[in-house]
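Below: one structure, written as C-alpha cells.
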Amino acid sequence: MKSIAITKAILFNCICMALGVSAFAQKSALTKWPAGSDPATIGLLLTRHFIETPHGNVGYTNPPKTIIYPEVCAWYGALRFTEAAKQKDLQHQLEMRFRPLLYKENNLVPRPDHVDHTVFGVLPLILHLQTQNPVYLDMGKWFADEQWTLPSVTDKPEYAVLQDSGYTWQTRMWIDDMYMITAIQVQAYKTTKNEQYLNRAAKEIVRYLSALQQPNGLFYHAPDVPFYWGRGNGWVATGMTEILRVLPAGNPYHHPIMEAYKKMMATLKAQQDASGMWHQLVDDPQSWPETSGSAMFAYALITGVKKGWLDAAAYGPVARKAWLALGTYINSNGDVREVCEGTNKKNDHQYYLDRKRNTGDLHGQAPYLWCAFALTEP
C-alpha cells in the first residue's frame, strides 16, 4: 500500500512538471500569506477607508467638480472585493454612497464627453449586477452608448471618421484609454450580455495595440511620447485583463489581445526589481518604485495565473512577490504611499521622474483593491 501511495505521489508530481506547474505554485503562491499581508484583511482596510473618503479626494491639487476615473476605479474595486469576500454590509454601504448621486448630488455625475468621464458608467452597471435595480441599468447603458454616439455639435471632423470606422469618437491613442474604454464597454456586456459592447471594446484594444505596443512588449504613453510610464502601462495591462476575463477564445480579437498580454507579462516578469516592485519608468531602474503601476501589474499577473493564461510555476511567484512588496507601502490609516500623481503625456524623460509622489491618492488605492478581489475571488 505504501509503495502504491509513493507511486501516486510521483505520478502527480510528474504530471505537475509536465504541465509546468509545481505543487507550490498551484496551492501556495497566491493562497497562503504571512501575517499582515492577507488580501481579505487589506481589502477590508482599504474598503472601509474608501467609504469614509469624501468625493473628489483623488490626488489633484485642484479637485475636479465631478466624480472622475480614480474614484470610479477605487469604488469599482471595493464593490468587487466586498462581493468576493461576502461582506454584505460593506457592499450595502458602497451602494448607499452612490444613491445620492441619483438625486440631491447629481451635480457630481460627469457628462460622458471624455474617456475619463464616461468610465463613470461602470458604477451603475456593477450595482445593477449586484442589486438588479433597473435604474442603475438604464443609467449605465446610457454612458456606454454615449461613448459610441457622435456629439450632435462638434467642430472635429475626425470624430466622424472614427465613428464610421467602428471606433468611439473618444479615441485619442493614449494608453490610459485601454482601460477606460474597455472597463465601461465590458461592464455593459456583462450586464446586458449584448455582444455589441464586447466587440466594441475588443476592436478598440486591437487598434491601440497596433499603434502603441513596442517590440519589447511595453507601451509608449502615446505615439509621440516614447517613455514606458509605469501607471500608463498598468492601464494597458489591466484593460487587457478585464476583456480577457470575458472574451471567448473563438472571438477574432481574442488571439491578438492574448498574445499582446503574454508578451507584456513576460517583459514585466523580467523588469520586476529585487523587492517585488516596478518603477515609475518601467525600464529605468534608477527611477523610483511606484505603487499604482506595480499594483496594476500585480492584478494582471494574479488574474493570469488564476485563470490559467500564464504558467503558474513561472508567474505565480512573481505575482506573490509583488503583492507582498505592495503591502509594505500601506500605512496604518489604509493610505497607499508612493503613488504617482495624475500625469499628462510629455516628451520629456525628467518630467516623469519629477512627478509628485502622493499618499492616499485613489490612483493607487484602486488597483490595490483590484488585487484584493482578484486574490479573494474563487
Side-chain angles (χ1 to χ4, degrees), residues 69-70 73 115 172-182 204-242 256-304 310 315 318-319 321-322 325-326 329 338-358 361 363-364 366-367 370-371:
Y69 71 93
C73 291
V115 287
R172 58 177 182 166
M173 304 316 295
W174 291 24
I175 48 178
D176 316 46
D177 306 348
M178 288 183 67
Y179 180 84
M180 305 302 164
I181 295 171
T182 301
E204 197 79 27
I205 277 192
V206 170
R207 177 187 173 101
Y208 274 72
L209 290 174
S210 63
L212 296 175
Q213 190 170 34
Q214 303 305 306
N216 65 2
L218 299 179
F219 292 76
Y220 288 161
H221 195 168
D224 57 342
V225 182
F227 299 108
Y228 303 121
W229 175 42
R231 185 165 68 242
N233 275 266
W235 289 125
V236 178
T238 52
M240 289 193 289
T241 299
E242 288 302 284
I257 297 173
M258 181 63 81
E259 289 302 301
Y261 164 85
K262 289 182 176 179
K263 187 175 184 180
M264 186 184 200
M265 295 304 108
T267 299
L268 291 175
K269 179 177 180 291
Q271 293 286 354
Q272 187 180 38
D273 74 16
S275 75
M277 298 289 286
W278 287 270
H279 292 238
Q280 167 71 345
L281 292 172
V282 179
D283 63 334
D284 182 357
Q286 300 306 311
S287 62
W288 44 285
E290 199 277 329
T291 50
S292 67
S294 293
M296 291 177 177
F297 299 150
Y299 170 68
L301 288 159
I302 291 162
T303 305
L310 300 173
Y315 287 91
V318 178
K321 188 175 184 180
L326 287 164
Y329 288 85
E338 298 296 301
V339 182
C340 176
E341 65 179 317
T343 297
N344 206 327
K345 67 169 187 170
K346 189 173 184 179
N347 192 1
D348 179 358
H349 182 270
Q350 194 62 38
Y351 166 79
Y352 290 92
L353 300 183
D354 292 342
R355 301 306 289 160
K356 184 180 176 183
R357 309 182 199 186
N358 288 340
D361 186 325
H363 287 92
W370 302 345
C371 288

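Since the model is a prediction, treat every value here as computed from it, not as a measurement.
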Quick one: does any side-chain atom of [X] pair with a main-chain N or O of [Y] as donor and acceptor, under 3.5 Å?
X: Q280; Y: S287; value: no
X: W278; Y: L268; value: yes
X: T303; Y: A300; value: no
X: N233; Y: F219; value: yes
X: W229; Y: K345; value: no
X: R231; Y: M296; value: no
X: Q272; Y: V318; value: yes
X: K356; Y: G342; value: no
X: T267; Y: N216; value: yes
X: E290; Y: G230; value: no

Could you tell me whether the side chain of [Y] reaches within less than 4.5 Å of the side chain of [X], counting heavy atoms only?
X: L209; Y: M240; value: yes
X: T182; Y: E204; value: no
X: H221; Y: D176; value: yes
X: P367; Y: T238; value: no
X: W370; Y: T241; value: no
X: L326; Y: S294; value: yes
X: H363; Y: Y69; value: yes

Matching residue for Y352 among Y220, W288, F227 - test: ring-ring contact (aromatic ring centres under 6.0 Å, His included):
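Answer after filtering Y220, W288, F227: F227.
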Heavy-atom pair with the smallest gap, counting every atom of [X] and [Y]:
X: I175; Y: G232; value: CD1-C, 3.1 Å
X: A322; Y: A298; value: CB-CB, 3.9 Å
X: Q271; Y: V282; value: OE1-O, 3.3 Å
X: S292; Y: V339; value: CB-CG1, 4.1 Å
X: E338; Y: P289; value: CB-O, 4.0 Å
X: P256; Y: V206; value: CG-CG2, 4.2 Å

Please report the interatomic distance CZ(R357) to OG1(T291), rounded to the nearest 0.5 Å.
10.5 Å
To the nearest 0.5 Å, how far apart are CG in L301 and CE in M265?
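That separation rounds to 5.5 Å.
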Hey, can you tell me if W235 and Y179 have their rings parallel, tilted or perpendicular (30° and 60° cut-offs)?
tilted
Working for side chain to side chain contact (heavy atoms under 4.5 Å, CB included), residues L310 and Y261
CA-CA 10 Å; L310 300 173; Y261 164 85; 3.3 Å; yes
Do the side-chain N and O atoms of H349 and D284 include a donor-acceptor pair separated by under 3.5 angstrom?
yes
Could you please spell out the steps behind the side chain to side chain contact (heavy atoms under 4.5 Å, CB included) verdict for R207 and M173?
CA-CA 9 Å; R207 177 187 173 101; M173 304 316 295; 3.8 Å; yes
If you count every heavy atom of other residues, nucleotides or ligands that lies below 6.0 Å from K263 atom NZ, does the total exceed 12?
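Atom NZ in K263 is packed in, count exceeds 12.
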Run the side chain to side chain contact (heavy atoms under 4.5 Å, CB included) check on Y351 and T343 step by step: do they pass?
CA-CA 9 Å; Y351 166 79; T343 297; 3.7 Å; yes
